[in-house]
2 protein chains.
Amino acid sequence: MQARKNFNDFFKSAFTVDNVIFGFDEGKLKILLIRRNEPPFEDFWALPGYFVQPKEDLEAAAARVLREMTGMENVYLEQLHTFGSPGRHNLGRVITVAYYSLVKIADFRPRAAGLAQDITWHTVDDLEQLAFDHEEIVAVALDKLKKSIRTRPVGFELLPPAFTLTELQHLYEAIWETELEKRNFRKKILSMGLLEDLNRTQEGVAHRPAKLYRFDEAIYRKLEESGFNFEMKESKSK
Amino acid sequence: MQARKNFNDFFKSAFTVDNVIFGFDEGKLKILLIRRNEPPFEDFWALPGYFVQPKEDLEAAAARVLREMTGMENVYLEQLHTFGSPGRHNLGRVITVAYYSLVKIADFRPRAAGLAQDITWHTVDDLEQLAFDHEEIVAVALDKLKKSIRTRPVGFELLPPAFTLTELQHLYEAIWETELEKRNFRKKILSMGLLEDLNRTQEGVAHRPAKLYRFDEAIYRKLEESGFNFEMKESKSK
DNA sequence: AAAGATAGTGTACAAGTTACAATAAGCGGG
DNA sequence: CCCGCTTATTGTAACTTGTACACTATCTTT
């Protein structure tokens, strides 16, 4: 096949992590983008990302980027896909491990500090052209998110600790780009027994205030162990 | 944050692809392993893998490894997860992009040729210790496969072009490590309309021969476009 | 107190899932 | 050729889940 090589003879490549950070606000699904202030793709919006350090674990690198850019810690973070086409970066070969995270947008405090870069939320259905292959990465992340909220209770990561059923429904509708039937949605989600009624209601709304719920993760863990499968369906109806 | 660096100052790492190649034979789920003939982990079984070449796409590298090791082409291949702990390789930092593939084991012709290495199938439920972190990679692949056959008709990739319903059922049972109820399994899979009855039967068996079916991918594509979702459930019963 | 807005709820029908057992079709041996 | 062995094939009733659909309740504002 080929002669035995010394380890250091093998090709090495730069590698980064890029983070698709999802948030939910004003009834819309958003992602956090950073405006580049140096070439290549200067002035384009891009996914937050950075080079992985020599002794740094991949997930740690993704968490670091998240912390440095947004000040947020302990948020939902999961590896998505690795993108490594030889031509994806024009300064040389860069392989990127993409992560996606789900954050409560209210906790976001942009840490623009030393960066002098814009960091802002963009609604996903009207993105301009992004740097590098980041549009493709976002597309893969969206696809993953759509599947993910179907089979795991991750949607709650995008909502505040106390939320109304209508807010939760709007979240699903925004991600799936469908409309769901109110009574059936409530029946389904409540029947799983994962929501705790907080016996509180919304305040400051000009109509009947809705009850507030929280997601009970402890119960979910217990149910999961005994074979329970979370599952929501995109029904076809209005 | 930090001074602007020249691109070439960033840390670089070696990159490999590793391939979890699944097959199904004798009613058991198997994976293809290669016995290492050089340190580190000399004489340990390992996943087939190799360094990614400078201008090579990741998926192309995975396909190349598959071809070189097994002679197989055009098989099901999908990216699984990227493993990059700083300590996972003791000669230096090596990041591996793991792929998994599903092959028809009957097509396998080991190309041991120049390699002088053993390449053999191992049943997944009794693996010895593997090289590097390959046990973890296999575990992730197994997990993925279990989920995958539930929601996409990929199981057929592991079966010969013509198969019986019992074989298909055994495949699901092997992967899920459950037993399924015969009548309900058949009803479910046939009701999807994805199987074409070949009007042929098994030969050379000492009992009533079973009908042979094939998976009709064209129909699946059509159904998928119109919103159909493949879905099989691990029922709890025998 | 009336208007405006959103919250909250029940029921009948359809579709899908589950549990369960008897008959059919080949082969091989006597 | 008949019997026994082995696996293949099939239906139905009870139950669970999904779907379609519209009215009343509660709060705020004027």
Side-chain angles (χ1 to χ4, degrees), chain A residues 26-27 150-151 159 162-174 176 178-214 223 226-238, chain B residues 26-27 150-151 159 162-174 176 178-214 223 226-238:
Chain A
E26 304 163 337
R150 193 176 318 204
T151 53
L159 293 175
F163 51 85
T164 70
L165 293 183
T166 300
E167 285 167 347
L168 182 58
Q169 182 180 338
H170 288 339
L171 171 63
Y172 273 86
E173 290 175 334
W176 283 342
T178 51
E179 294 191 7
L180 301 170
E181 210 280 324
K182 185 162 56 165
R183 276 170 291 193
N184 295 337
F185 179 83
R186 285 161 180 249
K187 210 183 311 174
K188 182 70 192 289
I189 199 85
L190 287 175
S191 75
M192 295 197 227
L194 298 173
L195 297 187
E196 182 190 352
D197 184 341
L198 291 172
N199 293 313
R200 290 195 287 130
T201 55
Q202 283 180 307
E203 284 171 26
V205 289
H207 54 77
R208 175 176 178 177
K211 293 208 272 188
L212 292 170
Y213 292 84
R214 78 178 190 92
L223 286 176
S226 45
F228 165 82
N229 277 318
F230 183 89
E231 185 164 348
M232 295 295 289
K233 285 188 185 161
E234 305 173 47
S235 74
K236 314 97 194 177
S237 83
K238 170 190 81 131
Chain B
E26 302 162 337
R150 193 177 316 203
T151 53
L159 293 175
F163 52 84
T164 70
L165 294 183
T166 300
E167 285 167 348
L168 182 58
Q169 182 179 341
H170 288 339
L171 171 63
Y172 273 87
E173 290 175 335
W176 282 340
T178 51
E179 294 191 5
L180 300 171
E181 209 281 324
K182 188 161 49 166
R183 277 171 288 192
N184 295 336
F185 178 82
R186 288 163 174 249
K187 208 183 313 174
K188 182 69 193 286
I189 199 86
L190 288 175
S191 74
M192 294 197 230
L194 297 174
L195 298 186
E196 183 189 352
D197 184 341
L198 291 172
N199 293 312
R200 289 193 291 130
T201 55
Q202 283 180 307
E203 284 172 26
V205 289
H207 54 77
R208 174 176 178 179
K211 292 206 272 188
L212 293 170
Y213 293 85
R214 77 176 191 93
L223 286 175
S226 46
F228 165 83
N229 277 318
F230 183 89
E231 185 164 349
M232 295 296 289
K233 284 188 187 162
E234 306 174 47
S235 73
K236 313 95 193 178
S237 82
K238 179 176 75 140

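Numbers restart at 1 for each chain; the letters A, B, ... are given by sequence-line order, proteins then strands.
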For B:Ala206, all residues meeting side-chain contact (heavy atoms from CB on, under 4.5 Å), sequence neighbours excluded: none

May I have the distance from B:Phe185 (atom CZ) to C:dT17 (atom C1'), rounded to whole angstrom? 15 Å

Check the interface with nucleotides 10-15 of chain C: list each N/O to N/O pair with the protein under 3.5 Å, or write none.
| residue | atom | partner | partner atom | Å |
| --- | --- | --- | --- | --- |
| C:dT11 | O4 | A:Lys187 | NZ | 2.9 |

Not counting sequence neighbours, which residues clear side-chain contact (heavy atoms from CB on, under 4.5 Å) with A:Arg183? List them please. A:Glu181

Specify the separation, in whole Å, of atom CZ of A:Phe228 and atom P of D:dT17. 11 Å

Quick tally for nucleotides 2-8 of chain C: nucleotides whose base has a protein heavy atom under 4.0 Å get B, sugar-phosphate-only ones S, the rest -, giving --BBBBB

Separation of atom CZ in B:Phe163 from atom P in D:dA8, rounded to whole Å: 14 Å

Can you list the residues that meet the salt bridge (Lys or Arg N to Asp or Glu O under 4.0 Å) rule with B:Arg208, with sequence neighbours excluded? none

Can you sort out the partners of B:Lys211 under side-chain hydrogen bond (donor to acceptor under 3.5 Å, both in side chains), two or more places apart, ordered by chain and number? B:Asp197

Among residues at least two apart in sequence or on other chains, which ones pass side-chain hydrogen bond (donor to acceptor under 3.5 Å, both in side chains) with A:Asn199? none

Nearest whole angstrom, please: distance from the P of D:dG18 to the CD of B:Glu231. 10 Å

Polar side-chain atom of A:Glu196 near backbone of A:Arg214 as donor-acceptor pair, under 3.5 Å: no

Separation of D:dC27 P from A:Arg200 CZ (nearest whole Å): 16 Å

Qualifying residues under side-chain hydrogen bond (donor to acceptor under 3.5 Å, both in side chains), relative to B:Glu173, sequence neighbours excluded: B:Gln169, B:His170

Round to a whole Å and report the spacing from CD of A:Glu179 to P of D:dC21. 14 Å

Side chain proximity check, B:Thr151 to B:Asn229, heavy atoms < 4.5 angstrom: no

Not counting sequence neighbours, which residues clear side-chain hydrogen bond (donor to acceptor under 3.5 Å, both in side chains) with A:Glu203? List them please. none

Rounded to the nearest Å, what distance is computed from the CD atom of residue B:Glu203 to the P atom of nucleotide C:dC27? 10 Å

To the nearest Å, give me how far apart CG (B:Leu195) and P (D:dT9) are. 12 Å

